[in-house]
Every structure is written in C-alpha cells, then in structure tokens.
Amino acid sequence: MSDSKRTLEFHLAEPDIGPLELEYVTQAVRSGWVSSIGEFIGRFEKGIADLCEVNHAVAVSNGTVALHLTLVSLGIGPGDEVIVPSLTFAATAAAVIHAGATPVFVDSESDTYNMDPQAVEAAMTNRTKAIIPVHLYGHPADMDAMRRIVRGRNCIVIEDAAEAHGALYHRKKVGSIGKAGTFSFYGNKLLTTGEGGAVVTNDGKLAKRLRFLKDHAMDPKRRYWHPEIGFNFRMTNIQAALGCAQLERFNSLIEKRQQLIDSYREKFSDLPVRINPSEEWAKPAPWLTTMLLPKGCKADELSKMLREIGIDSRPFFVPLDTMPPYNNFRRMSSSGEAGCPVAYDLYERGIILPTIPSAQNNRLITRVYDITAKYLNRK
Ligand SMILES: *Cc1c(COP(=O)(O)O)cnc(C)c1O
C-alpha cells in the first residue's frame, strides 16, 4: 500500500458487496459452470433488460467492448465518423478507434456536462454514421436533441450509459432510447460484476448479431464453422452471479448513494458551487458526487487541500482531444470552431468527491465543506 493510501480516511468509491453476492458466486463456482455458460448469465441478462425496459440485453466482458461490439455489429468501421464527447472516459473514443472508425470530438454543455447538441450538429458530415452521447456522471444527455439531429440521416444513436444505470430521461430508461445502449459493470460503477458490460436494445436482429460476434462468430447451427471473424467478448457465469445479487439489491444501492449526494447538495447550498446537476426532465443515477467550483478556481488546488486532511478526490475526465493519441482528430465547439472550450473549463473546475455511503456521511460532508469554504475564502 502506498503512503498516500494508508493515510486516507475517506476513499472515493468502493463496491458494495454483501452476503447475497457471496452466496450466488459460491453457487456459480460450486456448480462447475465457471466460464460463459451457466444459469446466472441468462438471469443477469433478463435482469438488465428489465431494469432498462428493453427486449434484449447481451452480457459482455466489459463496457469498452460493449461499445466496440455494438459499432462492429452495426457495420460501422473504416471510413466512418463517430461523434463522441471530448469530456468522457477514454473508452468511449478508444472503442470507436478499435472498430476502425474515426472519432470526432465535440464540446460539452455547461448545464449537464453532456455532449452539446449544437456542437454535434456542427460536427455532422455525410460520413457520420453514429453519435455516442454519454450520460456523464449519471446525468442523462439530451436524447430528444440527439434523435432530432440524426433524423432523416443515415446515422444512429448509441448511448454510452456506463455511468448511469437506471437513470431516467423523461420517463424513459437510459440505454433504451437510442438504437442500442451500453453499460459497464466495473468495480467502481453503480452495479458491478467485477469486470463486465452489456449492450441493451429493442432490435432483435441486432441482439442476434451481437451474440454471434461476441462468441467467435460461430454458426449457431454448425459447430466450429465461422462464416466471419468474431471476438471473445463473453462474460463469465461467476461475474453474472455477482451481477444477479447486485441487481436484487439495486434499489437499496441507489438509495444509499442518492441520500449521500442529497446531503452533500443540502450542506453546500450556501456556497457558490454546484453539486451534481439535476435537470427537471431527468432522474440522474447517483453514481459519484461531482462539484463544480466557481470560475477562477482550480479543482486540483482544492484536491491537494482535501488530501492533506485524508480525503480522496478525483479530477473530472481529461478532455480527450487534448491528449496525444486523440489530438489529431477533428474537434468541434458549439459555435462550429475547432476545440472544446466548455469541456476544458469543466475539467479545470470540476472535482469528484468521495461517494461511499456510510455511518460517517456527516463527518465526511462537514470536513469537505469546511475545506471547500476555506479554499473559496482564499480566492
Ligand atoms: C467505465 C466506462 C466505460 C468503460 O467500461 P469498462 O467496463 O471499464 O470497459 C465506458 N464509458 C464510460 C463513460 C465509462 O465511464
């Protein structure tokens, strides 16, 4: 363990694993079905489909390949452009590149931190075959605007819902609105299978193709006959067992986190900061606690002060178009200029706060509040 880790009193996030998880995982291991066949896989897929109110869920090994597989299954590849936000986890854009397509980065809007529809519109060309809104930090993107942009064009919407399990856009579950939605079940996500992911869709033909390609593209009727080159993107039964337990406990997992985020919001209401955005048309998923500092402040300065008293924090995602592997691709602001100024600004001022519900909630929030107030006073 590093020194900095040992001295931290409050960590950023950790999975909530209970006796039910242990019971199901033990059952999966004891059954001998430890690879990707077994009772928990189908059960987990059904549970995810139900949670998202869609017809099909296809479990895969992680959230990155969920995106990769979706793009390939839809025939998106070399020569095609795919619009992604600059402010997202690198996997959103990496998956586009792995599929052989070209990412185009667009700016964020400052209210929800999500992909700005105006910037998307400005970035569209006749080579744009997909746009991938990300429901960043659990807050749904403006899906009506996204759908309006692609209407009448040969272009689809894929939702990257990796951070937004169970969130609502108006009355619709995120993931169910585009052609397909993808999820991650990594250890720090709202619902975990250790590593894992899923693609959800209402399109039966797409679901079939996802299943075919994720499992070596083997002909379902002829063993070891592979009419195409496939992938091994399968989830294991052990992972699915963990996921089934998490799904049964999902409401309580969400509730505890929501309470913590609400308490942060209440406590910080007299400071000029914004805790998680929440538009009236949305029910965000309570993934992590985000705090946006006022103009002129720097998240990394506050972060250092928090660390000194044993509180962990994280910066927002680094805008992808500023990093070497990504900075040669096209990038677009809402005014149609090259660059993503809103994303750069959010990155400077945005900080992620510890979001592990516990009996220490009040102590945590009070300590973060005191340090934040002190930081703002100095500015
Ligand atoms: C976590 C995450 C992913 C990737 O998920 P993995 O399971 O880690 O591969 C993709 N997109 C976003 C926005 C994420 O937060």
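Numbering of ligands and ligand atoms starts at 1, following listing order. Computed from a predicted structure; not experimentally measured. Position 1 is the first residue of the sequence; numbering continues from there.
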Do Tyr347 and Phe317 have their ring centres less than 6.0 Å from each other?
no

Aromatic plane relationship, Phe231 with Phe233 - under 30° parallel, 30 to 60° tilted, over 60° perpendicular:
parallel

Minimum-distance protein heavy atom relative to atom 14 (C) of ligand 1
Lys189 NZ, 3.2 Å

Atom indices of ligand 1 within 4.0 angstrom of Val134 heavy atoms, with elements:
13 (C)

Write out the residue and atom name of the closest protein heavy atom to atom 15 (O) of ligand 1, then the distance separating them to 0.1 Å.
Glu163 OE2, 2.5 Å

Any side-chain heavy-atom pair from Met146 and Met115 closer than 4.5 angstrom?
yes

What part of Thr64 sits under 4.0 Å from ligand 1 if we count only heavy atoms: the side chain, the backbone, both or neither?
both

Pair Phe44 + Phe185: ring centers closer than 6.0 Å
yes

So is Glu195 in contact with ligand 1, going by heavy-atom distances below 4.0 Å?
no

Is the Tyr137 ring parallel, tilted or perpendicular to the Trp287 ring (thresholds 30°, 60°)?
parallel

Which residues satisfy the salt bridge (Lys or Arg N to Asp or Glu O under 4.0 Å) test with Asp111, sequence neighbours excluded?
none

Atom indices of ligand 1, in the order listed, that fall short of 4.0 Å to a heavy atom of Thr88:
13 (C)

A student checking ligand 1 against Asn62 at a 4.0 Å heavy-atom cut-off should list atoms 7 (O), 9 (O)

Taking 4.0 angstrom as the limit and counting only heavy atoms of Gly63, give me the atoms of ligand 1 inside it, by number and element.
4 (C), 5 (O), 6 (P), 7 (O), 9 (O)

With a 3.5 Å cut-off and no angle check, do the side chains of Thr112 and Glu279 form a donor-acceptor pair?
no

Any idea which atoms of ligand 1 are less than 4.0 Å away from a heavy-atom of Phe89?
2 (C), 3 (C), 12 (C), 14 (C), 15 (O)

For atom 11 (N) of ligand 1, find the nearest protein heavy atom and state the residue, atom name and distance (0.1 Å precision).
Asp160 OD2, 2.8 Å

Which of parallel (below 30°), tilted (30 to 60°) and perpendicular (above 60°) describes Phe183 and His165?
tilted

Structural part of Thr182 in contact with ligand 1, heavy atom criterion under 4.0 angstrom:
neither

